[in-house]
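Below is one structure; the comments refer to it alone.
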Amino acid sequence: MLFGMWAPFSGCLPSPYYQNEESIPGNVWKYEFKPSFKFEITDTNSYYNLYFLVRHTEAYPFENIWIWVYAKQPGDTTYEKTRIEIPLAEKSGRWLGRGMGEIWEQRMPIAFEKTFKKGEYEIRFEQNMRVNPLPEVLHVGLRIEKAGPRNYTTHK
């Protein structure tokens, strides 16, 4: 399985290994619009952390967003499909992430210390809320950070 459960994060942001975002047409995310992100892994001796990026307005009507994550590994012809919930607000209604005026940005981990084989990967996101189209979503994206070298140990 390529993706695991998310967990909250904190601290400084390291430079991304990869980052790309797609604008949501008309700021309403339809089921049919599945932003796709392709990236190349060359360093198989490192761990990587993957993040879902979302930018929405203060008028977004929910405290979360459910997404389908489709992942295709090098050499595969089919996608692995995983459903993930991304919290966007506390139960009190306070938005998570960073805000500037009426715009809020969230970066949520979707995989930690993941190892990859060498090659090209593709990840697609599809909104999976009951509402279609989903209003007030401006951008979604993928961020990948190197998490450090793999610790190879030998067993006696």
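Keep in mind that what you see is a predicted model, and the values were worked out from it rather than measured.
- Counting only heavy atoms from C-beta outward, the side chains of Pro109 and Tyr51 approach each other to under 4.5 Å.
- Both Phe62 and Met108 sit in one connected hydrophobic cluster of ILVMFWY residues. Membership requires side-chain heavy atoms under 4.5 Å apart, directly or through other members.
- A continuous path of ILVMFWY side-chain contacts below 4.5 Å connects Phe39 to Val140, so both sit in one hydrophobic cluster.
- Rounded to the nearest 0.5 Å, atoms CG (Asn20) and CD1 (Ile123) are 12.0 Å apart.
- Residues meeting the side-chain contact (heavy atoms from CB on, under 4.5 Å) test with Glu136, sequence neighbours left out: Thr57, Ala59, Tyr60.
- In this structure, Arg124 fails the cation-pi test against Tyr70, since its NZ or CZ atom is not both closer than 6.0 Å to the six-membered ring centre and inside 45 degrees of the ring normal.
- Partner Phe125 forms a ring pair (Phe, Tyr, Trp, His ring centres under 6.0 Å) with one of Phe37, Trp68, Trp66 and no other, that one being Phe37.
- Here the straight-line distance linking atom CG of Leu138 with atom CD of Glu105 works out to 10.0 Å at 0.5 Å rounding.
- For the pair Leu88 and Trp95, the tightest heavy-atom approach, listed with the atom from each and the gap, is O-CE3, 3.2 Å.
- Taking all atoms of both residues into account, the shortest heavy-atom contact from Leu96 to Pro87 is CD1-O, 3.8 Å.
- In terms of modelled atom types and a separation under 3.5 Å, the side chain of Asn132 and the main chain of Tyr31 share a donor-acceptor contact.
- Heavy atoms only, all atoms of each residue included: Asp76 and Lys72 are closest at O-CD, 3.4 Å.
- The pair Glu21-Arg55 meets the salt-bridge criterion, with a side-chain N (NZ, NE, NH1 or NH2) lying under 4.0 Å from an Asp/Glu carboxylate O.
- Under the ring pair (Phe, Tyr, Trp, His ring centres under 6.0 Å) test applied with Phe116, the options Tyr17, Tyr47, Tyr48 reduce to a single match, Tyr48.
- Hydrophobic clustering places Val137 together with Met129 (ILVMFWY residues linked when any side-chain heavy atoms are closer than 4.5 Å, directly or through intermediates).
- Between Ser23 and His139 the shortest side-chain heavy-atom distance falls below 4.5 Å.
- Glu126 has no carboxylate O lying under 4.0 Å from a charged side-chain N of Lys30, or vice versa, which leaves the two without a salt bridge.
- Annotation: side chain to side chain donor-acceptor pair (under 3.5 Å) contacts of Arg130 (sequence neighbours excluded): none.
- In the hydrophobic clustering of ILVMFWY residues, with side-chain heavy atoms under 4.5 Å counting as a link, Val54 and Val131 come out together.
- Between Phe52 and Leu142, the closest side-chain pair of non-hydrogen atoms is not below 4.5 Å.
- For the residue pair Val28 and Pro135, the shortest heavy atom distance occurs at CG1-CA, 3.9 Å.
- Atoms CD1 and CG, from Ile24 and Leu134 in turn, are 9.0 Å apart once rounded to the nearest 0.5 Å.
- The distance from the CD1 atom of Ile67 to the NZ atom of Lys34 is 13.5 Å, given to the nearest 0.5 Å.
- A cation-pi geometry, defined here as NZ or CZ lying under 6.0 Å from the six-membered ring centre and within 45° of its normal, does not hold between Arg98 and Trp104.
- Distance check, rounded to the nearest 0.5 Å: CD1 of Ile110 to CG of Asn49 gives 10.5 Å.
- Applying the salt bridge (charged side-chain N to carboxylate O under 4.0 Å, His left out) rule to pairs touching residues 35-45 yields Asp43-Lys146, sequence neighbours excluded.
- A donor atom on one side chain and an acceptor atom on the other are not found under 3.5 Å apart for Tyr18 and Glu145.
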